[in-house]
Amino acid sequence: MLGRYFGRAGAGAAEDPAPEPFSFPEPLPTWPQGGGFARGRIRVAGGELELAAATAFDRICTLSPSARLQRCNGATFYRPVGVPEGFTLLGHYCQPNSRKLHGHLIVARAADPPRSAEPPLRAPRDYELVWAFHATAGAAGASAGAGSCVGYGRSDAYFWLPVPPEGYRALGILVTTEPGKPPLDAVGCVRADLTDECEPHGSLLHLQLTRPTSASPGKAFAVRGVRPLKRGMREKGIGAGTFWCAAADGCSSPAPGEQGLACLKNVDLDLSAMPTLEQVHAVIQHYGPTLYFHPKEVYLPSSVAWYFKNGAKIFKKGGGAVGEEIDAEGSNLPGGGWNDGEYWMDIPGGKRRQAVIRGDIESAELYAHVKPAMGGACTDVAMWVFCPFNGPARLKLGPINLPLGTTGQHVGDWEHFTLRVSNFTGELMAVYYSQHSGGRWVDAAKLEYAAGNRPAVYSSRNGHASYPRAGVYLQGSAALGVGILNEAARSKLSVDSSVKYRVVAAEYLGEGVVAEPQWLQFMREWGPTVIYRSRTGTERMVKSMPQRLSCPAENMLNKMPNELSKEEGPTGPKEKNMWEGDERW
């Protein structure tokens, strides 16, 4: 179980609103044996470093922008407990109080015997105080010469940046409730050639320290996560689960790299901790989400084979109006290359077209691409769903929902969501929900579970974007209630991806282990490009509205992605940049 919590932090801390620990709805299975997956340890850096994941924690302190320490908008800082003997801490852990405790902090130890004259880990030579918070005004003098303020917590909090020896880099921040520096052996610094560049991501805590004015945004203290700057299935950076913090005026906070912080690096990209094919199937069967479609959804999914069998054809530029039929596996589709406009797919017209665009949910299956993430410390299972047709968009203007004619519709629609699984433990860490041109990760502790440990994924009506919960989502201004409408709701129209799936790619397993279908190599568009004029009518309608609604609606229309301005089929999964790269977020 990730995120176990032990103990309490000092006097007064018993009243602090620390998050409860998260546990999965059901116990995890015993994974099939073989390889290094879910064995608890991973060797990287040519075998010089052995890594483990700490998942049990002792609270250090809680900070909040509210004097009453409201649980919804604060954050809690933790130190790991139960660290395996001989392993060194790389930094402390922080998470918002808005979710249950679910931590994953990497600790490390040098390989035995040593592989190099310079050890991979060394203690820092000193600490630098980043900022201090004092519970009462009387303690404020304890950090003279460093930035500090009073309030925000029931105990003092001191944030320390390790100062590494020459040729080494720090990976995280330490937090104490006493003004003295932490012991030098409390944390390890990693040899520079075993580290990778990092960047901040996500907001864990934001405290406005001074009041903003018209001349200045004021000083703020920000705490953010740290992730590798370069991410993808061929990249080597490993996030350690630590955090970065700084206090600065406005947006002038130094980046983690400017403070000297780094991520770990799997130098040789050793993927021995990745799951075997048998383990991949076990992971999908245990965590595979249930994909729910809106009860009024007309444009349902189908299998690719069904789409081909029911009339989809391949067309060639200059080849005339009669296309070539496609067999069930797409073996006659041109493979490789890029989206050069030379080929595209289309479906028949008339009544047959109406039958195809409605899909066939009984045949639908998820197409799984399994790949390394975070330098091989995690496995991403990207699950792609195909719908023969993407329905037209609808515009929300306050209480009014307006159809936009043909705007947004196109033949062929590929959408996906991604499971991220720890290769240390085999536990689900988060799910990525793809939403049009972006998306977001949702931690396992904040997921809705459809059954057992299988999360729910809600597909929006007509557009098929993925969401973690039922509801109404807007692409536009939520404050004004103006934007493109995305409705998601549970219904009997669903696909259980733990059963109805097919692994179509897992490059790390080696050539031939997973037979990739020929249609996956088709890099062109799965539908034709058609320019239409429905947007002109929409713009006229918007201009006739009251100014309070017309201005934001017009701004929203100007920001519409291309697919909402013309009918254009999407490219297949393998042509997307997230096929090899990280998700867009």
Side-chain angles (χ1 to χ4, degrees), residues 1-4 21-44 50-56 80 82-84 87 102-107 233 238-239 241 266 269-290 365-383 417-432 441-445 447 449-457 496-510 513-514:
M1 177 182 69
L2 287 183
R4 289 172 292 164
F22 166 74
S23 60
F24 286 96
E26 291 185 354
L28 299 191
T30 299
W31 303 110
Q33 294 300 301
F37 177 70
R39 301 288 294 272
R41 308 286 171 86
I42 296 178
R43 287 211 167 197
V44 299
E50 186 176 25
L51 308 179
T55 59
V83 175
F87 281 77
H102 184 219
H104 188 274
L105 189 67
I106 290 180
V107 293
M233 72 181 198
I238 301 174
N266 188 352
L269 200 57
D270 182 341
L271 300 179
S272 58
M274 291 290 293
T276 65
L277 185 57
E278 183 184 11
Q279 291 164 343
V280 164
H281 286 293
V283 165
I284 295 174
Q285 290 161 14
H286 187 74
Y287 294 124
T290 298
E365 58 186 356
L366 279 293
Y367 301 102
H369 177 211
V370 188
K371 57 183 179 176
M374 288 293 168
C378 298
T379 294
D380 276 4
V381 182
M383 306 197 77
F417 51 87
T418 298
L419 311 176
R420 178 158 290 178
V421 176
S422 167
N423 287 346
F424 290 99
T425 63
E427 297 188 36
L428 180 67
M429 297 176 69
V431 175
Y432 178 81
W441 286 101
V442 178
D443 188 89
L447 294 172
Y449 289 88
N453 293 340
R454 302 191 296 276
V457 176
D496 181 355
S497 70
S498 71
V499 176
K500 302 190 72 175
Y501 73 92
R502 176 182 175 186
V503 178
V504 295
E507 295 90 341
Y508 73 92
L509 288 173
V513 177
V514 173

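Computation of the quantities below employed the complete heavy-atom set of this structure, encompassing side-chain atoms and omitting hydrogens, waters and symmetry-equivalent molecules.
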Quick check: do D380 and Y432 have side-chain heavy atoms less than 4.5 Å from each other? no
Distance check, rounded to the nearest 0.5 Å: R454 atom CZ versus D496 atom CG? 5.5 Å
Acceptor/donor pairs from residues 269-281 side chains to any protein atom, 3.5 angstrom cut, sequence neighbours excluded:
unit_1	atom_1	unit_2	atom_2	d
D270	OD1	S272	N	2.9
D270	OD1	S272	OG	2.9
T276	OG1	Q279	N	3.2
T276	OG1	Q279	OE1	3.4
Q279	OE1	T276	N	2.8
Q279	NE2	P32	O	2.8
Q279	NE2	G34	O	2.8
H281	ND1	Y501	OH	2.6

Could you tell me whether the side chain of I284 reaches within less than 4.5 Å of the side chain of L366, counting heavy atoms only? no
Please round to the nearest 0.5 Å and tell me the distance separating atom OG1 of T425 and atom CH2 of W31. 9.0 Å
Do V421 and F37 make a side-chain contact, defined as non-hydrogen atoms from C-beta onward lying under 4.5 Å apart? yes
Compare all side-chain heavy atoms of P29 with those of Q285 and state whether any distance is below 4.5 angstrom. no
Contact summary for V457 and P289, nearest pair of heavy atoms: CG2-CB, 3.6 Å
If every non-hydrogen atom of G241 is compared with every non-hydrogen atom of L105, which pair is closest and at what distance? O-CD1, 3.4 Å
Without swapping roles, check the side chain of N453 against the backbone of E26 for a donor-acceptor pair under 3.5 Å. yes
Let me confirm one number: the NE2-OG1 distance from H102 to T55, rounded to the nearest 0.5 Å. 9.0 Å
Approximate separation, where rounding is to 0.5 Å, of S497 OG and R502 CZ: 16.0 Å
Could you pull out the closest heavy-atom pair between I42 and A377, with the gap in Å? CD1-CA, 4.0 Å
Angle class for the F24/Y287 ring planes (parallel below 30°, perpendicular above 60°, tilted otherwise)? tilted
What are the two closest heavy atoms between G375 and N266, and how far apart are they? O-ND2, 2.7 Å
Heavy-atom pair with the smallest gap, counting every atom of G288 and S498: O-CB, 3.7 Å
Between Y449 and P25, what is the shortest heavy-atom contact and its length? CG-CG, 3.8 Å
When rounded to the nearest 0.5 angstrom, what distance separates CD1 in I106 from CG in L51? 5.5 Å
Report, as yes or no, whether the 6.0 Å neighbourhood of atom CZ on R43 holds more than 12 heavy atoms from other residues, nucleotides or ligands. yes
Exam field: side chain N423 to backbone G376, donor-acceptor pair closer than 3.5 Å: yes
To the nearest 0.5 Å, tell me how far M374 CE sits from H104 NE2. 10.5 Å
